[in-house]
Amino acid sequence: MIKIEGIAASAGVAIARAFKLEHPDFTINKKSVADTASEVARFDEALVTSQKELEAIKERTRAELGDKKAEIFESHLLILSDPELIDPVRAMIGDEQVNAEYALNETASQFISMFENMKSAYLQERAADMRDVTKRVLTHLLGLTYVNPAEISEEVIVIAEDLTPSDTAQLNRKYVLGFTTNIGGRTSHSAIMARSLEIPAVVGTKDVVEQVNKGDLVIVDGLDGTVIINPTDEVVAEYRTKQAKYQEQRAEWNKLRDQPSMSKDGVHVELAANIGTPNDVAGVIDNGGEGVGLYRTEFLYMGRDKLPSEDVQFNAYKTVLEKMEGKPVVVRTLDIGGDKELPYLDLPKEMNPFLGFRAVRLCLDRTDIFRTQLRALLRASVYGNLRIMFPMIATLGEFREAKALLLEEKEKLKAEGIEVSENIQLGIMVEIPSTAVLADQFAKEVDFFSIGTNDLIQYTMAADRMNERVSYLYQPYNPAILRLVKMVIDAAHKEGRWAGMCGEMAGDTTAIPLLLGLGLDEFSMSATSILPARSLISKLSKAEMQELAAKALDLQTAEQVVELVQSIQA
Ligand code: PEP
Ligand code: MG
């Protein structure tokens, strides 16, 4: 039995066999081929192997998940035998004397972009199917072994060096009971996704991949941040009990699902959720979310090989707004950069990606990308209660420039006769210290603030949020951070605006008493944190928390702040 300590990234306890997820290299090079007949034969063979594989997956899915879920593989099989795709690949190998991988990739890419540019959401989704099928055939042509995380179909714990946010989004929580990685922190985006999928996770273990063999029994304790490999029977029994207790606790919290979020002395605050995809909305509703406080739209841009079209985006935003039925939805414009890469933009590697050419900086430079997103948002605005938020604002000039582009697109749409809501609140993320310090100036021009503590902490403390070696400096409770948060909230209130927080700190049970006392209006967090937060807030008096927060602001260290909060929780 081996016990490894990591970072508790998503609550819960999972026990299952290990599944090691590896990422092979899918780089495709163009090669000239003399014997084109055997190259075509090689292509045909890869098609047959893929077909057999898909038949087997389809049957398994039908047996385990029903006909409806198996349909997707039926459509993959149709693509695989579609002469409109296959014939041009064969012809290209023969005519241009190129390798099958290259010919397939070129041909499929054309179909993918054609589907993506279709108006209907149904046809746009066909692009994803085409991409999956192509990847499967390429796997065989390149002689790789790759299991798409979406295809895992037995109960496992996924073990990986790291998981990209799009890998995480694809995990099927029926089978992936938990995951653990070598790298990453609590605010890395795969950890954030794990929380919205409610999959227990431990990240930043440094060496779990090296310690575990395929098929080992593994316990992931996402409550305490431990991973146990090949536990004894007694230890398994102990963790089964812990798992059951956690389930009981969740059932207790569930009773608060339809209750308002009210402090003991009757003050209402809004508890909203952070989402990454339209599919996450179900979790928001299940967990009694009063709105979406942060929709990270960058996931729409990731996991594909080109920018999403205006219609792809419009459909996604409209779906979220409709599903939320008039409750507020704060959509954040593209925040790419840092740990969220878009390989197809071909941006140069940077020394400090978190401080680099990212988010609104990129959008104000690549206004083509930005305008497309703004148009999609504006068109969707009539389907619900949309609020738009710009990320990584460092100066007033950036905000004004971004706002001007939004207004320009709005006027253009209206001139085209397209309806746009007149009640869209416009806000910014406060995640750069300069903006927190100048919050009084910003408050005169924005409708709301949402404090992005995941970045605000790393920039204030100069401690990379992804680097476990400096995680001791990543201190949400440092009085310096609390003072910045106070400045932002006070500045908003002075101008009659509201202040929210969408960094992970908003759902942290040690931070919540302080944030309530500092006057935060909206707390946006992983959906699974909402009910525990509601339960906690119902036991706190805002008036008392104001006193607590005032004391905390005068303390010297994060440790003293934690002690102070614990003194009231004891
Ligand atoms: C933040 O920085 O706090 C935030 C919510 O944004 P992200 O985690 O996506 O950087
Ligand atoms: Mg951020």
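As the structure lists them, so they are numbered: ligands from 1, and atoms in each ligand from 1. What's counted below: heavy atoms across the whole structure, side chains too, no hydrogens, waters or symmetry copies.
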Tell me which pairs pass salt bridge (charged side-chain N to carboxylate O under 4.0 Å, His left out) where either residue lies in residues 521-539, with sequence neighbours left out. Glu290-Arg534
Under 4.0 Å between a Lys/Arg side-chain N and an Asp/Glu carboxylate O for Asp335 and Arg296? no
N-O pairing of Arg379 and Glu310 below 4.0 Å: yes
Would you check whether Arg332 reaches within less than 4.0 Å of ligand 1, judged by its heavy atoms? yes
For Cys502, the ligand 1 atoms whose distance to one of its heavy atoms is below 4.0 Å: 5 (C)
Residue-ligand contact Met525/ligand 1, heavy atom below 4.0 Å: no
So, is the end of the Lys306 side chain (NZ or CZ) under 6.0 Å from the ring centre of Tyr344 and within 45° of the ring's axis? no
For the Mg ion (ligand 2), which protein N/O/S atoms fall under 2.8 Å? Skip waters. Glu431 OE1, Asp455 OD2
Partners of Lys135 by side-chain contact (heavy atoms from CB on, under 4.5 Å), sequence neighbours excluded? Phe26, Tyr146
Hey, could you give me each pair passing side chain to side chain donor-acceptor pair (under 3.5 Å) that has a residue in residues 428-450? Not counting sequence neighbours. Arg400-Glu445
Out of all atoms in ligand 1, which are within 4.0 Å of some heavy atom of Arg465? Include the element for each. 2 (O), 7 (P), 8 (O), 10 (O)
Among side-chain atoms of Asn274 and Ser524, is any donor-acceptor pair under 3.5 angstrom? yes
Show which atoms of ligand 1 fall inside a sub-4.0 Å distance from at least one heavy-atom site of Arg296. 4 (C), 5 (C), 6 (O), 7 (P), 8 (O), 9 (O)
Can you see whether Tyr477 engages Asp508 through a side-chain donor-acceptor pair at a distance of less than 3.5 angstrom? yes
Using a distance-only test with no angle check, is there a side-chain donor-acceptor pair under 3.5 angstrom linking Glu270 and Trp498? no
Would you check whether Lys340 reaches within less than 4.0 Å of ligand 1, judged by its heavy atoms? yes
Under 4.0 Å to a heavy atom of Leu294 - the qualifying atoms of ligand 1, by number: 5 (C)
Could you tell me, atom by atom, which parts of ligand 1 come under 4.0 Å of a heavy atom of Asp455? 1 (C), 2 (O), 3 (O), 10 (O)
